[in-house]
Novice: 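My structure is below; once you've seen it, I'll send some questions.
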2 protein chains.
Amino acid sequence: MNDETQWLSPREQHSWRAFIRLNQKLTARLGSELQTQSKLSGPDFAILVALTDDSAGRLRFQELAKAIDFEQSRLSHQIARMIKRGLVAREECAEDGRGAFVTITDQGRETIEAAAPKHVAAVRRLVLDAIPPEDLDALGDIAARIIRHLDETAP
Amino acid sequence: MNDETQWLSPREQHSWRAFIRLNQKLTARLGSELQTQSKLSGPDFAILVALTDDSAGRLRFQELAKAIDFEQSRLSHQIARMIKRGLVAREECAEDGRGAFVTITDQGRETIEAAAPKHVAAVRRLVLDAIPPEDLDALGDIAARIIRHLDETAP
DNA sequence: ACCCGGTTCTTGACACATCATCTATCGCGA
DNA sequence: TCGCGATAGATGATGTGTCAAGAACCGGGT
């Protein structure tokens with residue numbers, strides 16, 4: 001490592017730190033509201049939403065992992081915990097002896113249906129209410145651009 | 001909870017999901033590069049930076065916690081782990097028998113000085129290179145606005 | 001029919017985050 | 001001076017994330 005590092009300019013640093021800080025605060029805040037209002041963690045919520053999005057409420061581990069961008073192992077642990085709590089169930093796969101489905105249970109469905117409105121309300125109250133729609137669009141566009149860049153840079 | 005929830009419009013949802021997804025991907029990616037290149041976690045890095053920013057390289061737990069927005073307990077655990085690895089040290093406080101300082105060690109200083117350039121390079125390569133400066137400014141402004149809103153909404 | 005590389009998911013070890021609880025000390029007011 | 005609430009920080013339990021290794025199965029080539 002030489003000493004010609006291109007450090008961040010004050011302006012860059014200011015924006016960058018704000019962005020990082022926002023990520024942290026927001027994840028913490030949304031997670032905490034989810035937890036106290038609905039007894040769900042962020043990952044719990046993401047998984048239940050993904051399962052609900054599927055018409056059968058039932059996905060292979062791979063598909064689910066891809067849908068929410070979880071690593072295989074992380075998902076495996078997460079599902080194991082959720083099974084204990086009765087939110088989802090495991091179902092063997094006839095066509096492929098290795099694989100398995102994750103199914104949402106009735107309890108899981110009730111839970112997510114109760115949680116979703118509260119979560120949306122929190123998102124609105126904490127974020128959307130703070131910025132005008134055109135800023136949200138701008139945010140979304142920039143985020144999408146960076147995501148594409150990340151995916152290209154090293155999958 | 002009634003059934004008049006104001007769900008997100010498709011446009012809102014699109015932007016919101018992109019933003020959340022970016023947060024996850026980015027934290028994962030930056031953390032992973034930090035880990036493999038410098039054997040540091042995100043929290044490790046944040047703490048070492050904060051300590052380096054201080055002229056004495058030495059902060060009270062409270063000050064440090066505030067600087068990086070960590071809860072007290074989280075910081076306590078984190079510092080305990082970092083002490084084991086020799087990155088920081090604990091120093092009793094003469095004026096206040098309850099308190100203590102966290103000091104950066106020589107090894108900690110070497111580590112962060114080696115890590116910082118690589119991290120900045122990663123930030124540049126993964127993010128800044130993907131968007132023009134004016135978009136970064138816009139991002140920073142929006143982030144700052146939401147942060148202010150979050151802090152006002154419930155400190 | 002069998003081998004063998006690749007796929008699918010699991011598991012164990014360890015780092016990290018959060019919550020509730022605990023200990024020690026501080027400093028103020030009776 | 002004593003008592004007592006408030007502050008500083010530590011600790012243990014539990015849930016979450018990552019990595020490395022493993023077990024079971026698939027499918028194609030021989």
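Residue numbers begin at 1 in each chain, while the letters A, B, ... track the order of the sequences. We use all heavy atoms of the structure for the numbers below, so side chains are in, but hydrogens, waters and symmetry mates are not.
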Novice: Just how far, in rounded Å, is P of D/dT18 from CG of B/Leu30?
Specialist: 13 Å

Novice: If I take atom CD in residue B/Gln72 and atom C1' in nucleotide C/dC22, what distance separates them, rounded to the nearest angstrom?
Specialist: 13 Å

Novice: State which residues pass salt bridge (Lys or Arg N to Asp or Glu O under 4.0 Å) with B/Glu95; sequence neighbours excluded, sorted by chain then number.
Specialist: none

Novice: Which whole-number value in Å describes the distance from B/Ile83 CD1 to D/dT11 P?
Specialist: 10 Å

Novice: Indicate yes or no for a side-chain donor-acceptor contact from B/Thr105 to the backbone of B/Ala89 under 3.5 Å, with no hydrogens or angles considered.
Specialist: no

Novice: C/dC9 P sits how many Å from A/Lys66 NZ, rounded?
Specialist: 13 Å

Novice: Would you call B/Asp151 and A/Lys25 a salt bridge, using N to O less than 4.0 angstrom?
Specialist: yes

Novice: Take atom CD of B/Glu63 and atom C1' of D/dT7, then tell me their distance rounded to the nearest Å.
Specialist: 15 Å

Novice: Using atom CG of B/Leu34 as one end and atom P of D/dC19 as the other, report the distance to the nearest whole Å.
Specialist: 13 Å

Novice: Report the residue from A/Arg125, A/Lys118, A/Lys39 that forms a salt bridge (Lys or Arg N to Asp or Glu O under 4.0 Å) with A/Glu33.
Specialist: A/Arg125

Novice: Take nucleotides 11-21 of chain C nucleotide by nucleotide from the 5' end and write B, S or -, depending on whether a protein heavy atom sits under 4.0 Å from the base, only from the sugar-phosphate, or from neither.
Specialist: BBB-SBSBBB-

Novice: May I have the distance from B/Phe61 (atom CZ) to C/dA24 (atom P), rounded to whole angstrom?
Specialist: 17 Å

Novice: Should we say atom NE2 of B/His149 is surrounded by more than 12 heavy atoms from elsewhere, each under 6.0 Å from it?
Specialist: yes

Novice: Tell me, please, which residues at least two apart from B/His119 pass ring pair (Phe, Tyr, Trp, His ring centres under 6.0 Å).
Specialist: B/Phe45

Novice: Can you tell me the distance, in whole Å, between the CZ atom of A/Arg60 and the C1' atom of D/dC25?
Specialist: 11 Å

Novice: Check the interface with nucleotides 3-5 of chain D: list each N/O to N/O pair with the protein under 3.5 Å, or write none.
Specialist:
none

Novice: Got a sec: does the CG of B/Asp106 have more than 12 other heavy atoms crowding it under 6.0 Å?
Specialist: no

Novice: Can you get from B/Ile83 to B/Phe61 by hopping between Ile, Leu, Val, Met, Phe, Trp and Tyr side chains that sit under 4.5 Å apart?
Specialist: yes

Novice: Which pairs count as side-chain hydrogen bond (donor to acceptor under 3.5 Å, both in side chains) when at least one residue sits in residues 65-76 of chain B, sequence neighbours excluded?
Specialist: none

Novice: Side-chain heavy atoms nearer than 4.5 Å, only ILVMFWY residues, links allowed to pass through others: does that put B/Ile68 and A/Leu8 together?
Specialist: no

Novice: Are B/Ile47 and B/Phe101 joined in one hydrophobic group, where the rule is that I, L, V, M, F, W and Y side chains link up if heavy atoms are under 4.5 Å apart?
Specialist: no

Novice: Scan residues 89-101 of chain A against DNA chain C and write down, sorted by residue number, each residue with any heavy atom closer than 4.0 Å; if none is found, say none.
Specialist: A/Arg90, A/Arg98, A/Gly99, A/Ala100

Novice: Considering every strand and a 4.0 Å limit on heavy-atom distances, what is the contact class for B/Gln62: base, sugar-phosphate, or nothing?
Specialist: sugar-phosphate

